Number of protein chains: 2
Amino acid sequence: MERELLLLGLLRQMDMHGYRLAEFIERDLTICTDLKKSTAYFLLDKMVKQGWITQHQEQEGNRPLRRVYRITPEGEVQFQQSLRENLSRHTSATFVGDIGLSFVDALAPDEAIALLRQRRAALAEDLAAARVVPKHEGAWQLLIEHRVVHLEAELHWLDEVLARLAGGN
Amino acid sequence: MERELLLLGLLRQMDMHGYRLAEFIERDLTICTDLKKSTAYFLLDKMVKQGWITQHQEQEGNRPLRRVYRITPEGEVQFQQSLRENLSRHTSATFVGDIGLSFVDALAPDEAIALLRQRRAALAEDLAAARVVPKHEGAWQLLIEHRVVHLEAELHWLDEVLARLAGGN
DNA sequence: TTATGATTAGTCAATCCTGACTAATGGAGG
DNA sequence: CCTCCATTAGTCAGGATTGACTAATCATAA
């Protein structure tokens, strides 16, 4: 339900057409989801069928037709429910990078260290980028700080891993 | 490719039948993946078709037939490649819990705090469980420590969020 | 002996997700 | 004024994922 919660929450703030919605999610909401454009359209269609949102055509100048979505009262009920559910539960993140790490013994220590140093560089770059994001208003600021906190913890941990590999297991 | 890497890496350590593989992943590898049993079978079939693994029937006593999988030389090549790829790249985790948090303003502060305290309790419980896991040999120990480090960071951050909400934004 | 329930092993239809595509417009440069 | 290319908006076939199911065996306990 999380993806639907996200779409409902955004539509709750203002009516939006699919493309704008998807673009915003893909560009600015990578912290909490990896929803793609075509998935967004799929979910929006589904929510129309469920009566959580309505859809109407709109045209601006000669630009292509847009499908603009608006949340319904039933959608608002669903939003309230999903929001409470989401806030009260803890869902632990999964770390795909740990899959490789769990087989690190398959490689010579030197090569493993070299590869993990590349990972470290990429991580450090992400962290630098996250630190530079300008202050936002309200709850969005929390997400930005969350990202920084998380990336810092990752960096420290990865350094610890590297130190341990360098020191022979 | 990460799910395939995981399956190849496990089969590389020993031949295994689908059920055992899936059970192990679902019980012990929640840190790095959320692969389900039926998905495991799907991927194993696909890898058989690709020639990365072979499959043969086996029967123990009167127990139902098992499909036992074994990695091939081509599978080993694929494993080596995916492993290097995985170790060298950084893939940031996504936090579904942040979706709700981004709409926390939709609720009265008191209710938001109450809900997030439930989340905190669940998180603290997960952390306590992670701390209690006995020491493992080799790289698996790294994953356990990663989980603890991550959950600790989450707990601190959530306390900070709660403090800020309690103090009026 | 014979319910009862837990464990083992795998299947499948329904749903979800996405990469690659179409197709139109606006603007910059020649 | 014409070509080229980035941007906007959305579509779709095909692959990925899973919840709910079957069906056999084993344990155990009445």
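Below, chains carry the letters A, B, ... as their sequence lines are ordered, and counting in each starts from 1. It should be emphasised that the depicted structure is a prediction, and the values quoted were computed from it without experimental measurement.
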* Check whether any side-chain heavy atom of A:I99 lies under 4.5 Å from a side-chain heavy atom of A:F103, and answer yes or no. => yes

* Structure fact -> Rounded to whole Å, CD of A:Q50 lies from C1' of C:dT15 at a distance of 12 Å

* To do: May I ask you to check whether over 12 heavy atoms, not counting those of B:Q118, lie within 6.0 Å of atom CD?
  => yes

* Asked: Heavy-atom distance under 4.5 Å between the side chains of B:E74 and B:Q50, does that happen here?
  -> no

* To do: Answer with yes or no whether A:K36 presents, from its side chain, a donor or acceptor under 3.5 Å of a partner atom in the base of C:dG19.
  => no

* What integer distance in Å separates A:L35:CG from C:dC16:P? -> 13 Å

* Asked: Any donor-acceptor pair under 3.5 Å joining the side chain of A:S38 to the base of D:dG10?
  -> no

* Phosphate OP1/OP2 of C:dA24: any A:R66 side-chain N/O under 4.0 Å -> no

* Asked: Does C:dG10 have OP1 or OP2 sitting under 4.0 Å from an N or O in the side chain of B:Y41?
  -> yes

* **Length of the CG-P vector between A:D45 and D:dA9, whole Å** => 17 Å

* Report yes if at least one side-chain N or O of B:T39 is closer than 4.0 Å to OP1 or OP2 of D:dT18; otherwise report no. => yes

* **Between C1' of D:dG15 and CD of B:E4, the distance in whole Å** => 12 Å

* Quick one: A:K37 NZ to D:dC12 C1', roughly how many Å, whole number? -> 12 Å

* Asked: Any side-chain N or O of A:R3 under 4.0 Å from OP1/OP2 of C:dC16?
  -> no

* Over how many whole Å does the gap from B:E58 atom CD to C:dG10 atom C1' extend? -> 16 Å

* Asked: A:K46 side chain N/O closer than 4.0 Å to the phosphate oxygens (OP1, OP2) of C:dC16?
  -> yes

* Charged N-O contact under 4.0 Å between A:E76 and A:R12 -> yes

* For A:L6 and C:dC16, give me the distance from atom CG to atom C1', rounded to whole Å. => 17 Å

* Provide, to the nearest angstrom, the distance between the CZ atom belonging to B:F42 and the P atom belonging to C:dC16. => 17 Å

* Is it true that B:E152 and B:R147 have a side-chain N and a carboxylate O under 4.0 angstrom from each other? -> no

